[in-house]
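Structure record follows, encoded as structure tokens.
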Protein chains: 2
Amino acid sequence: MFDFVDAYDRAYEIAAAQHDMTVAQACVLGRISKPRGMRDLADELRCDASNITQIVARLEARELIERHANPEDRRARQLIRTPAGDALNAAFERSFEFARNASATLTADEQNELALLLRKALGQPMVDG
Amino acid sequence: MFDFVDAYDRAYEIAAAQHDMTVAQACVLGRISKPRGMRDLADELRCDASNITQIVARLEARELIERHANPEDRRARQLIRTPAGDALNAAFERSFEFARNASATLTADEQNELALLLRKALGQPMVDG
DNA sequence: TATTGTTATACTCTATAACTATA
DNA sequence: TATAGTTATAGAGTATAACAATA
């Protein structure tokens, strides 16, 4: 189990590095498929809001995302991906083929069984298999 | 799969924090069950030797490990855990019950099946199940 | 010459605390 | 008063480069 998690984590880091991103940056970029606020993002990633400020600043400097004003709440910001951000995120996801490669060695039945066991071991339903 | 890996990583980090360690520190401490050199450790963790120097310095400051001279090669150091280091590592492992908790919700047959699938998905044998 | 380990330095992630602007 | 986000700051992980001691 440890080795599996380790391999997964490494694959994620390598894929991010291939696109000059850190794990944290790839993670944030991947979670802005729709416009959203920074507080929301900090809650989802269970980290302090000041982290998000910094990571967003780095992604913004590369023009991968933009911070727009929110007309409904003038304290808040709406994060959106630029077309370049969309493209880089898609490229990152193609690079991060760990899940696909891992699954490719299993039959369809085995993939279903694995998803089922992981879900049960986790004790709660996963968002997507 | 992502959620499973995420939960595993979080459990590891929380367990380390419960004993005032970072993930990197718990990882290094856990890998010195027998005396070993720093180059060896850096290779296993796939990081630069200078990282090991720093992490070891922090563990040594807490008297959890010691750096001994190696009579066979006077350039090298042998890292060993102190009794306090052994005790803390054991306590950490008890705290990191993710694997046990996760497995507890599975039957013995399911546990075997999961280990088998993960091994196959990983494409190489795991060191220990 | 090559290797082990250290030091200096720089970048990033992360959190805390203090702050501004808005609700 | 409470919340969204920023700024300043500090500790830790990480890598690179230069170095000393030894092989």
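Labels below follow one simple rule: chain letters A, B, ... track the order of the sequence lines, proteins then strands, and each chain is numbered from 1.
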B/D40 CG to C/dT3 C1', straight-line distance once rounded to whole Å: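 It is 14 Å, rounded to the nearest whole Å.
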Integer-rounded Å distance: C/dT4 P and B/R67 CZ: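 After rounding, the reported distance stands at 16 Å.
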Of A/P71 and B/I52, whose closest DNA chain C nucleotide lies nearer the 5' terminus?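 Result of the comparison: B/I52.
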By the side-chain hydrogen bond (donor to acceptor under 3.5 Å, both in side chains) test, which pairs, at least two apart or in different chains, include something from residues 15-26 of chain A?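 Qualifying pairs: A/Q18-A/S95, A/H19-A/S95.
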So A/R46 and B/R10, side chain to side chain contact (heavy atoms under 4.5 Å, CB included) or not? Walk me through it. CA-CA 10 Å; A/R46 302 188 214 185; B/R10 268 186 220 289; 3.6 Å; yes
Any chance CD of B/E60 has more than 12 other-residue heavy atoms, nucleotides or ligands included, within less than 6.0 Å? yes
Hey, is CD on B/E44 packed in by over 12 heavy atoms from elsewhere, all under 6.0 Å?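 Above 12, so yes.
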Would you say the ring centroid of B/F2 lies under 6.0 angstrom from that of A/F96?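 B/F2 vs A/F96: aromatic centres not under 6.0 Å.
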Are B/F4 and A/F4 close enough that their ring centers fall under 6.0 Å? no
What string of B, S and - do you get for nucleotides 11-21 of chain C, 5' to 3', when a contact is any protein heavy atom under 4.0 Å? -SSBBB----B
Hydrophobic cluster membership, B/V23 vs B/L88, 4.5 Å side-chain cutoff: yes
Which nucleotide of DNA chain D is the first, and which the last, in the 5' to 3' direction, to come under 4.0 Å of a heavy atom belonging to chain B?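 Both ends considered, the range comes out as D/dA12 to D/dA23.
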Select base, sugar-phosphate, or nothing to describe what A/N70 touches, counting heavy atoms under 4.0 Å on all strands.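 The answer is nothing, as A/N70 stays clear of every strand by at least 4.0 Å.
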Under the 3.5 angstrom rule, does the side chain of B/R39 hit a backbone N or O of B/A49 as a donor-acceptor pair? no
